[in-house]
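Take a look at the structure below.
Just so you know, these numbers come straight off a predicted model, no measurement behind them. In this chain, numbering begins with 1 at the start of the sequence shown.
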Amino acid sequence: MENFTEQGLRDAIAAAESPDWSVRAAAGRRLAAASRIESVAGVLHRLLLDAQDTGVTAETAAALLARRDLAGLRVVLAARAVASDEGTADQLAAELDCDPRWATGQDGDELITHLRTLASDRDPEVRNEAMARLSRCR
């Protein structure tokens, strides 16, 4: 996890507004590595729902899932729950469903544990998305 300086955080947040999809995707990867993800969750949410390019969605989601923690998974589930654009919703689902690190074995158990925790989340959209994912794992 990355500890940003205040300037580094401002730079990454500014890059998230770039007209260039690759700059936005890089910002998503960088912000996904933040040690206190809660402080940039709104920006990450916007990047996950990027209206111009699903490449930004894919890169940001992959970086969040690579954290292999509850916080990263929660941000991706929250975006998937509200994604209204079919391409974006499909891309988020693909990232969640196809992450090979969590597909089988002990890693699959880790994912199920995280999903069970998030099935009790305070946010009903995260809670519902986690429950839907759990139902597919059984």
Side-chain angles (χ1 to χ4, degrees):
M1 303 303 148
E2 186 173 338
N3 285 318
F4 284 97
T5 64
E6 192 171 323
Q7 183 61 48
L9 184 60
R10 280 196 303 264
D11 291 346
I13 291 170
E17 301 298 327
S18 172
D20 183 335
W21 79 269
S22 64
V23 173
R24 292 193 313 278
R29 289 190 305 272
R30 185 144 186 243
L31 291 169
S35 57
R36 291 194 29 86
I37 200 169
E38 299 80 17
S39 65
V40 293
V43 178
L44 286 165
H45 187 79
R46 231 177 28 252
L47 290 167
L48 287 167
L49 298 175
D50 191 279
Q52 266 102 70
D53 199 302
T54 56
V56 177
T57 301
E59 299 264 342
T60 304
L64 285 162
L65 295 173
R67 294 171 58 98
R68 300 175 63 100
D69 66 2
L70 207 55
L73 179 59
R74 184 180 191 284
V75 173
V76 176
L77 289 176
R80 173 64 183 92
V82 299
S84 58
D85 176 76
E86 188 176 339
T88 300
D90 288 348
Q91 188 64 51
L92 288 167
E95 295 300 329
L96 284 161
D97 294 340
C98 299
D99 187 331
R101 293 166 298 220
W102 287 12
T104 59
Q106 185 177 3
D107 293 338
D109 293 341
E110 181 183 5
L111 174 61
I112 289 170
T113 299
H114 286 328
L115 287 171
R116 283 185 179 143
T117 300
L118 291 170
S120 302
D121 196 82
R122 67 188 178 279
D123 181 334
E125 291 170 336
V126 170
R127 191 169 53 238
N128 291 339
E129 191 64 32
M131 287 189 287
R133 299 252 155 232
L134 271 173
S135 71
R136 288 185 215 143
C137 292
R138 293 183 181 146

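Linking Ile, Leu, Val, Met, Phe, Trp and Tyr residues whenever their side-chain heavy atoms come within less than 4.5 Å leaves Ile13 and Val23 in two separate clusters. A single hydrophobic cluster is seen to contain both Ile112 and Leu64, as judged by linkage of ILVMFWY side chains at heavy-atom distances under 4.5 Å, directly or through other members.
For the atom pair Glu129 CD and Leu92 CG, the distance stands at 9.0 Å (nearest 0.5 Å). Separation of atoms CD (Gln91) and CG (Asp53) is listed at 9.5 Å; rounding is to 0.5 Å. Expressed to the nearest 0.5 Å, how far CG of Leu134 lies from CG of Leu115 amounts to 4.5 Å. To the nearest 0.5 Å, atom CH2 of residue Trp21 and atom OG1 of residue Thr54 are 9.0 Å apart. In this structure, CD in Gln52 is found 11.5 Å from CG in Asp20, a value given to the nearest 0.5 Å. Considering CZ of Arg80 and CG of Leu73, their distance stands at 13.0 Å, rounded to 0.5 Å.
For the pair Ala16 and Ala27, the tightest heavy-atom approach, listed with the atom from each and the gap, is N-CB, 3.6 Å. Considering all non-hydrogen atoms of both residues, Gly72 and Ile37 come closest at CA-CD1, 4.2 Å. The two residues Arg68 and His114 come nearest to each other via the heavy atoms O-NE2, 3.5 Å. Contact between Ala71 and Glu38 at its shortest, heavy atoms only, is CB-OE2, 4.2 Å. Residues Ala12 and Arg30 approach most closely at CB-NH1, 4.2 Å, considering heavy atoms. Of all non-hydrogen atoms in Leu48 and Ala61, the two that sit nearest each other are CD2-N, 3.5 Å.
Among Leu49, Asp90, Thr88, the one residue that satisfies the side chain to side chain contact (heavy atoms under 4.5 Å, CB included) test with Thr57 is Thr88.
Side-chain atoms of Ser135 come within 3.5 Å of backbone N or O of Ala132 as a donor-acceptor pair. Checking side-chain atoms of Arg67 against main-chain N and O of Ala34 turns up a donor-acceptor pair under 3.5 Å.
The side-chain heavy atoms of Leu118 and Arg133, taken from C-beta on, include no pair separated by under 4.5 Å.
Surrounding CD of Gln7 are more than 12 heavy atoms belonging to other residues, nucleotides or ligands, all under 6.0 Å away.
Annotation: salt bridge (charged side-chain N to carboxylate O under 4.0 Å, His left out) contacts involving residues 117-127, sequence neighbours excluded, comprise Arg74-Asp121.
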